[in-house]
Amino acid sequence: MIVDPAVLSVTFPNKRRLHYWAKDSMFKNPYAASFLNDCGVVPVDRTTKNNSLLYASTFQVLRLGEAVAVFPEGTSHTLPRLGTFKDGTSFAALEYAKINHDEGLNKPAPILPVGIVYPEKSKYRSVVIVK
């Protein structure tokens, strides 16, 4: 789970800082929470599905001109195909566009799809393809 964000962070264009969405249960341990907060990780409440804090944190990152990386399937997996996408990413994008419109702002949030593939995932230090 940690390899994909690390790979994406070091290959992302223009050396922009990436913030990630992560399930809030990862923040239960105080040491993990401190580390994740320092890394700019935004917690996702997957239980109550109350996205107000998630969206507020996400929009704050976008207003700073930084980027948010989201794995739309909601998890890492080893399947050779795409899984079912969660709808939080599209709702966040629509809500951000609405706020921009209501406030008369022109701050786009471009969406850049990225694929990460490990041709030999079971092999230590195998090749990774980021497209």
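- By the criterion of side-chain heavy atoms lying less than 4.5 angstrom apart, applied directly or through intervening Ile, Leu, Val, Met, Phe, Trp or Tyr residues, M26 is not grouped with V70; the two fall into different hydrophobic clusters.
- For the pair L8 and V114, the minimum side-chain heavy-atom distance is below 4.5 Å.
- Within 6.0 Å of CG in L64 there are more than 12 heavy atoms belonging to other residues, nucleotides or ligands.
- Distance CG/L94 to CD1/I99: 11.5 Å, rounded to 0.5 Å.
- Between E66 atom CD and R16 atom CZ the span is 8.0 Å, to the nearest 0.5 Å.
- Between the OG atom in S90 and the CD atom in E95 there is a gap of 12.0 Å [rounded to 0.5 Å].
- Hydrophobic cluster membership is shared by F12 and V7, with clusters built from Ile, Leu, Val, Met, Phe, Trp and Tyr side chains linked at under 4.5 angstrom.
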Below 3.5 Å, can you tabulate the donor-acceptor pairs from side chains in residues 31-40 to any protein atom, sequence neighbours excluded?
from : atom 1 : to  : atom 2 : distance (Å)
N37  : ND2    : A33 : O      : 3.0

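- For the pair D24 and R46, the tightest heavy-atom approach, listed with the atom from each and the gap, is OD1-N, 4.4 Å.
- In this structure, A22 and V41 approach most closely via the heavy-atom pair CB-CG1, 3.5 Å.
- The shortest heavy-atom contact between P119 and V127 is CD-O, 3.2 Å.
- Within the 4.5 Å cutoff, the side chain of F71 has heavy atoms near those of the D4 side chain.
- Pairs engaging residues 90-131 under the ring pair (Phe, Tyr, Trp, His ring centres under 6.0 Å) rule: F59-Y96 [sequence neighbours left out].
- Remark: S9 OG to R17 CZ distance equals 9.5 Å, nearest 0.5 Å.
- Of all the heavy atoms in A69 and Y20, the pair that sits closest is CB-CE2, 3.3 Å.
- Between R63 and E103 there is a salt bridge, with a side-chain nitrogen of the basic residue lying less than 4.0 Å from a carboxylate oxygen of the acidic one.
- Judged by distance alone, the side chains of T48 and D45 do bring a donor and an acceptor atom under 3.5 Å apart.
- Among all heavy-atom pairs drawn from L54 and P43, the shortest one is CD1-O, 3.7 Å.
- Donor-acceptor pairing under 3.5 Å is recorded for the side chains of T58 and W21.
- Other residues, nucleotides and ligands contribute only 12 or fewer heavy atoms inside 6.0 Å of the CD atom of Q60.
- Between I116 and I129, the closest side-chain pair of non-hydrogen atoms is not below 4.5 Å.
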### Task
Could you please spell out the steps behind the side chain to side chain contact (heavy atoms under 4.5 Å, CB included) verdict for V117 and V128?
CA-CA 6 Å; V117 178; V128 60; over 6 Å; no
